[in-house]
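Remember, it's 1-based here, ligands and their atoms both numbered in the order they're listed.
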Amino acid sequence: MTGGFYAIGSMYVDEPKITHAFQTGEGVSWGDHSACLFCGTEKFFRPGYQASLVSEWLPSLDGVIDKLEAGAKVADVGCGHGASTLVMAKAFPKSSFIGFDFHEPSVNRANELASDSGLANVRFDVAAAKNFPGTDYDLIAFFDCLHDMGDPVGVAAHTLEALRPDGTMMLVEPFAHDELKDNLNPIGRMFYSFSTMVCTPASISQEVGLALGAQAGEKRLSEVAAEAGFSQFRRATETPFNLVLEAKP
Ligand SMILES: C[S@@+](CC[C@H](N)C(=O)[O-])C[C@H]1O[C@@H](n2cnc3c(N)ncnc32)[C@H](O)[C@@H]1O
């Protein structure tokens, strides 16, 4: 939780920008926030990835662990500082991992961390989620970022084209029920605050500006995947903080 306080700090620093966004209807891009947000996000999410990603979340996906152990091609889109990418790259040395993010300072930081780690199977590039390069991926993952994007349907459609026919799109999203009234608990209230100050303005600042918000829930996210052309969608697992969703072509 301590790491999360850096991100909370950014909300106070950035309050005038959000006030302006409410007055004008304009968004606030992820990269226009105070840098506390970027390090706070990394510090807040990394422990969850270290604790659960390899031991629980990836095994909950159909057939993915076998592919990762044999040698799979993986993209981590909207990777930020690459906390999730580095955890996976360390656990699966035969697989290759590339993290994409449109925020260049975050990609630079991710490449520094990759270099410090000494891992040879991971790298990071600047790319927007709707046109990241490469095809024939076995796994394309989005950690706490699809809802931040302006055009999640367009992003999912591009992902479908970049996946192998038997590939997997993994969505890790903040835990949410489908109805607003069911999210008015301490965790949901915290997520709605972040959603108001960061996620929804970030989406509005991009093309389409769908503004899913951080409490979109499984039903709304399944509609995004279906609209993009995915034929299978299910909740693979969950924690009190996360939904782990699997979409297949
Ligand atoms: C809440 S952060 C999550 C970062 C990282 N996945 C993690 O779990 O630590 C959301 C990330 O999505 C990225 N992002 C938002 N919209 C994007 C887009 N259209 N294309 C690529 N990256 C995007 C932001 O730059 C930011 O790094």
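- Using a non-hydrogen distance threshold of 4.0 Å, Glu42 does not register as a contact of ligand 1.
- For atom 17 (C) of ligand 1, the nearest non-hydrogen atom from the set Phe100, Phe142, Phe102 comes from Phe102.
- Geometrically, ligand 1 and Phe143 share a nitrogen or oxygen pair separated by less than 3.5 Å.
- A perpendicular orientation is assigned to the rings of Phe175 and His177, their planes being inclined by more than 60° (bins at 30° and 60°).
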Start with the C-alpha distance between Arg234 and Asp62, add both sets of side-chain angles, then the distance that settles salt bridge (charged side-chain N to carboxylate O under 4.0 Å, His left out), and finish with yes or no.
CA-CA 11 Å; Arg234 72 180 177 98; Asp62 185 24; over 6 Å; no
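- Taking every non-hydrogen atom of Gly80 and a distance limit under 4.0 Å, the qualifying atoms of ligand 1 come out as 4 (C), 5 (C), 27 (O).
- The minimum heavy-atom distance linking Cys79 with Thr85 is given by the pair CB-OG1, 3.9 Å.
- Nearest protein neighbour of atom 19 (N) of ligand 1, counting heavy atoms only, is Gln206 OE1, 3.0 Å.
- Ion pairing between a basic and an acidic side chain is recognised when a charged N comes within 4.0 Å of a carboxylate O; Asp151 and Lys130 show such pairing.
- Between Ser106 and ligand 1 there is no heavy-atom distance shorter than 4.0 Å.
- Ring-centre distance between Tyr49 and Phe143: below the 6.0 Å cut-off.
- Side chains of Asp101 and Ser106: a donor-acceptor N/O pair is absent below 3.5 angstrom, by distance only.
- Thr159 places a side-chain N or O within donor-acceptor distance of the main-chain N or O of Val155, the cut-off being under 3.5 Å.
- Here the protein heavy atom with the shortest distance to atom 2 (S) of ligand 1 is Trp30 CH2, 3.5 Å.
- Atoms of ligand 1 found under 4.0 Å from any heavy atom of Ala127 (numbered from 1 in listed order, with element): 21 (C).
- Taking only non-hydrogen atoms, the option from Gly78, Cys145, Ala129, Gly40 nearest to atom 4 (C) of ligand 1 is Gly78.
- Taking a cut-off of under 4.0 Å to the non-hydrogen atoms of His103, the atoms of ligand 1 that pass are 25 (O).
- Shown here is Glu223, whose CD atom has more than 12 heavy atoms of other residues, nucleotides or ligands within 6.0 Å.
- Using a 4.0 Å cutoff on heavy atoms, Cys79 counts as a contact of ligand 1.
- What sits closest to atom 13 (C) of ligand 1 on the protein, heavy atoms only, is Asp101 OD2, 3.4 Å.
- Using a 4.0 Å cutoff on heavy atoms, Tyr49 counts as a contact of ligand 1.
- Enclosure of atom CZ in Arg46 by more than 12 non-hydrogen atoms of other residues, nucleotides or ligands within 6.0 angstrom is indicated.
- Backbone and side-chain nitrogen or oxygen atoms of Asp144 are examined, and none is located within less than 3.5 angstrom of a nitrogen or oxygen of ligand 1.
- Checked by atom type and distance alone, the side chain of Lys43 never pairs as donor or acceptor with a backbone atom of Tyr6 at under 3.5 Å.
- Each of the atoms 1 (C), 10 (C) of ligand 1 lies under 4.0 Å from some heavy atom of Asp148.
- In this structure, Gly82 does not count as a contact residue of ligand 1, since none of its heavy atoms falls inside 4.0 Å of the ligand.
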